Amino acid sequence: MNAGHIQLKSLLIISITNYYLFVTCQLTEIQICNRCNGTVLNNTILGQFCNNSVGFVKGRCCLLKDKTGDPEYVIGLDLSNCSLSNVVDLQGASTAELIDLSFNPIVILSDSVFQGFIQLSRLILPSNLECPGGNVSWGTVKVEGGNIICEEQRNICNQTGQLSLNCPESSLCAPYGPGFFECSCTANHHGYKCLREGEFPAVQVFGPLGATTVVVSILLWVTQRRKAKSV
């Protein structure tokens with residue numbers, strides 16, 4: 001009885017934590033869509049892509065809502081002609097398939113900006129920049145309309161999913177953005193370099209984390225509420 005109660009409580013904490021992370025992710029997506037003034041026009045590259053993908057426009061983003069009832073997510077981002085000189089964070093658009101950064105005075109663009117962008121299949125950049133991960137990370141690199149176009153992101157892992165030189169034993173290689181990869185433990189392995197056998201102790205790990213997140217969230221809410229009343 002006690003064990004069942006503890007397990008139910010842990011699952012409740014994990015659910016609350018997941019909801020908190022979901023809300024945070026949604027706010028991040030909204031911010032990236034409003035990074036620049038204006039909206040996506042139908043005659044632009046992203047506008048045509050959005051129409052063909054049966055998506056809908058929100059600010060500078062093209063969003064898609066799948067049929068399973070899951071929340072909408074970014075499939076395209078147009079930050080062209082936004083007077084951007086530096087781009088350090090695009091994580092709100094990590095699910096994007098197309099990103100347009102053309103006609104911006106960007107001097108340097110770090111590859112790490114696109115880490116985790118596994119769906120990205122077309123990237124449009126100012127002509128002075130290079131494709132993230134280098135040309136070897138893309139199937140096609142061309143110059144068009146004064147811009148660099150990177151297309152068909154390549155999977156740097158081999159066809160079997162193994163990358164023995166970089167991933168430890170009991171792990172598989174998976175793409176993680178242009179020029180990036182990650183090593184995921186195989187079934188029944190977890191921990192540092194996937195050396196531990198058995199199932200990952202999710203309840204023991206995420207239970208305390210979830211409780212801490214809930215407590216911090218409540219404290220922040222109470223603090224902000226008091227400030228609002230004092231004003």
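Computed from a predicted model, the values in this text were never measured in an experiment. What's counted below: heavy atoms across the whole structure, side chains too, no hydrogens, waters or symmetry copies.
Between Leu172 atom CG and Cys167 atom SG the span is 8.0 Å, to the nearest 0.5 Å. Of the inter-residue distances, the one linking Glu72 atom CD with Cys62 atom SG reads 11.0 Å to the nearest 0.5 angstrom. Here the straight-line distance linking atom CG of Leu77 with atom CG of Leu98 works out to 9.0 Å at 0.5 Å rounding. Note that the CD1 atom of Ile149 and the NZ atom of Lys142 stand 5.5 Å from one another [nearest 0.5 Å]. The distance from the CG atom of Leu63 to the SG atom of Cys50 is 7.5 Å, given to the nearest 0.5 Å.
The salt bridge (Lys or Arg N to Asp or Glu O under 4.0 Å) pairs that include a residue from residues 78-87 are Arg60-Asp78, where partners are two or more places apart or lie in different chains. Here ring-ring contact (aromatic ring centres under 6.0 Å, His included) pairs that include residues 85-107, with residues two or more places apart or in two chains, number zero. For the disulfide bond (SG atoms under 2.5 Å apart) condition, the pairs that include at least one residue of residues 74-140, sequence neighbours left out, are Cys36-Cys82, Cys131-Cys150. Residue pairs meeting the salt bridge (Lys or Arg N to Asp or Glu O under 4.0 Å) criterion with at least one partner in residues 106-119, sequence neighbours excluded, are absent.
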Do any side-chain atoms of residues 41-48 form donor-acceptor pairs under 3.5 angstrom with protein atoms, and if so which ones, sequence neighbours left out?
{"unit_1": "Thr44", "atom_1": "OG1", "unit_2": "Leu41", "atom_2": "O", "d": "2.7"}
{"unit_1": "Thr44", "atom_1": "OG1", "unit_2": "Gly47", "atom_2": "N", "d": "3.0"}

Contacts table for residues 112-130: side-chain donor-acceptor under 3.5 angstrom, sequence neighbours left out:
{"unit_1": "Ser112", "atom_1": "OG", "unit_2": "Ser110", "atom_2": "OG", "d": "2.8"}
{"unit_1": "Ser121", "atom_1": "OG", "unit_2": "Glu97", "atom_2": "O", "d": "3.2"}
{"unit_1": "Arg122", "atom_1": "NE", "unit_2": "Glu151", "atom_2": "OE2", "d": "3.1"}
{"unit_1": "Asn128", "atom_1": "ND2", "unit_2": "Ile106", "atom_2": "O", "d": "2.9"}

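Within a 6.0 Å radius of CG in Asn37, no more than 12 heavy atoms belonging to other residues, nucleotides or ligands are found.
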**Study point:** Check against side-chain contact (heavy atoms from CB on, under 4.5 Å), Leu64 and Tyr73
**Key:** CA-CA 6 Å; Leu64 187 66; Tyr73 58 95; 3.5 Å; yes

Exercise for review: Determine, stepwise, if the pair Trp138 / Gln153 fulfils side-chain contact (heavy atoms from CB on, under 4.5 Å).
Suggested key: CA-CA 5 Å; Trp138 301 87; Gln153 182 184 162; 3.8 Å; yes

Exercise for review: Give the intermediate values and the outcome of side-chain contact (heavy atoms from CB on, under 4.5 Å) for residues Ile148 and Val141.
Suggested key: CA-CA 7 Å; Ile148 298 293; Val141 176; 4.2 Å; yes

Exercise for review: Determine, step by step, whether Phe49 and Ile75 satisfy the side-chain contact (heavy atoms from CB on, under 4.5 Å) criterion, reporting the C-alpha distance in whole Å, the side-chain angles of both residues, the deciding distance to 0.1 Å, and the verdict.
Suggested key: CA-CA 9 Å; Phe49 168 80; Ile75 61 171; 4.0 Å; yes

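Counting heavy atoms from C-beta on, the side chains of Asp100 and Leu79 never come closer than 4.5 Å.
Partners of Cys194 according to the side chain to side chain contact (heavy atoms under 4.5 Å, CB included) rule, which considers only residues two or more places apart in sequence or in another chain, are Ser170, Ser171, Cys185, His189. Every residue meeting the side chain to side chain contact (heavy atoms under 4.5 Å, CB included) condition with Ser184, not counting sequence neighbours, appears here in chain and number order: Glu182.
When the SG-SG distance for Cys33 and Cys61 is compared with the 2.5 Å cut-off, it comes out below that value.
Nearest heavy atom pair, residue Pro132 against residue Pro178, reads O-CB, 3.3 Å.
In this structure, Val107 belongs to a hydrophobic cluster whose other members, linked by side-chain heavy atoms under 4.5 Å apart, are Ile108.
Listed for the Asn81 side chain is no donor-acceptor partner under 3.5 Å among the backbone atoms of Asn104.
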